Amino acid sequence: MTKHKNEEPLSIASQLGAEVDLCSTEPLFYIDHHGDWFYLASPLPTKFAKLFASVLHCIDNEYFLITPVEKVKVSVDNHAIFIVDYESLANNGLTLISSIGTEHQIVDIKAVKLLENTIEVPIERGIIACLGRACYYRYINQFVID
């Protein structure tokens, strides 16, 4: 970082919080209805999908990969994160496991929304995840029917 006369050096924190410009108006990434990731129409290996999911954000119902230096549009069929398993926690929370191996903590199951054909869960960075079919039935049996 260059320090000019009578100026304070920029802190790393202020640089990370700065608004980042969109790299392209066209989505470079696509997430299908099963939670599978694609880059420029080619399947993305799970290890890369997991990495990119860590910087995935939903802002005003649009999805973006946002890093300190770039912002990339992501096209999503329905839900960006597809939950395939969960573990109940003693404090009325859940640990959710996605189809790409990411884990998400939910502090209270009251955040879970039961809709007519799906179960949605708000997770970090504005993202709404959905439970996969087997997970859906397990959740209904465990928390709704009992």
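This structure is a prediction, so every number in the text was calculated from the model and none was measured. Residue numbers count from 1 along this sequence. Heavy-atom basis, side chains included; hydrogens, waters and symmetry copies ignored.
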Side-chain donor-acceptor contact under 3.5 Å, [X] with [Y]:
X	Y	result
Tyr30	Asp36	no
Gln142	Tyr86	yes
Thr95	Glu103	no

Ignoring hydrogens, what is the shortest heavy-atom contact between [X] and [Y]? Give both atom names and the distance.
X	Y	value
Ser99	Gly35	OG-O, 3.9 Å
Cys135	Ile83	CB-O, 3.9 Å
Ile100	Ala49	CD1-O, 3.7 Å
Pro122	Ala111	CD-O, 3.2 Å
Ser75	Pro27	N-CB, 3.7 Å
Thr102	Ser98	OG1-OG, 2.5 Å

Under a single-linkage definition using a 4.5 Å side-chain heavy-atom cutoff for Ile, Leu, Val, Met, Phe, Trp and Tyr, are [X] and [Y] assigned to the same hydrophobic cluster?
X	Y	value
Val55	Phe82	no
Ile119	Ile97	no
Val121	Ile140	yes
Trp37	Ile127	yes
Leu28	Leu56	yes

Discussion item. Counting only heavy atoms not in Asn91 (residues, nucleotides, ligands), do more than 12 fall under 6.0 Å from its CG?
Written reply: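 Yes, because the 6.0 Å sphere around CG of Asn91 holds more than 12 heavy atoms from other groups.
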Worksheet item: Are Glu26 and Lys73 close enough for a salt bridge, meaning some N to O gap below 4.0 Å?
Response: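 Looking at Glu26 and Lys73, the cut-off is not met.
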To the nearest 0.5 angstrom, please state how far the [atom1] atom of [X] sits from the [atom2] atom of [Y].
X	Y	atom1	atom2	answer
Ile123	Ile81	CD1	CD1	5.0 Å
Asn78	Cys130	CG	SG	6.5 Å
Ile106	Ser88	CD1	OG	12.5 Å
His33	His79	NE2	NE2	13.0 Å
Asp77	Asp32	CG	CG	6.0 Å
Glu124	Cys58	CD	SG	12.0 Å

Discussion item. Is the shortest side-chain heavy-atom distance between Leu44 and Phe38 below 4.5 Å?
Written reply: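 The answer is no; the side chains never approach within 4.5 Å.
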Fill in: Val74 side chain near Phe64 side chain, heavy-atom distance below 4.5 Å
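Of all side-chain heavy-atom pairs linking Phe64 with Val74, none is under 4.5 Å.
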Item to complete: Measure from the side-chain N and O atoms of Asp60 to the backbone N and O of Glu62, and report whether any donor-acceptor pair falls under 3.5 Å.
Response: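 Side chain of Asp60 to backbone of Glu62: no pair is present.
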Fill in: Derivation and outcome, side chain to side chain contact (heavy atoms under 4.5 Å, CB included), residues Tyr139 and Leu131
CA-CA 9 Å; Tyr139 185 89; Leu131 272 62; 3.8 Å; yes
Worksheet item: Run the side chain to side chain contact (heavy atoms under 4.5 Å, CB included) check on Ile66 and Ile59 step by step: do they pass?
Response: CA-CA 11 Å; Ile66 303 175; Ile59 302 167; 3.7 Å; yes
Practice prompt. Please assess Glu120 against Leu115 for the test side chain to side chain contact (heavy atoms under 4.5 Å, CB included), listing each intermediate value before the final yes or no.
Written response: CA-CA 7 Å; Glu120 294 182 336; Leu115 303 175; 3.4 Å; yes
Worksheet item: Would a line drawn from the ring center of Phe52 to the ring center of Phe29 be shorter than 6.0 Å?
Response: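 Yes - the distance between ring centres of Phe52 and Phe29 falls below the 6.0 Å cut-off.
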Item to complete: Just do the side chain to side chain contact (heavy atoms under 4.5 Å, CB included) check on Leu89 and Gln105 with the steps written out, would you?
Response: CA-CA 9 Å; Leu89 302 175; Gln105 300 295 316; 3.5 Å; yes
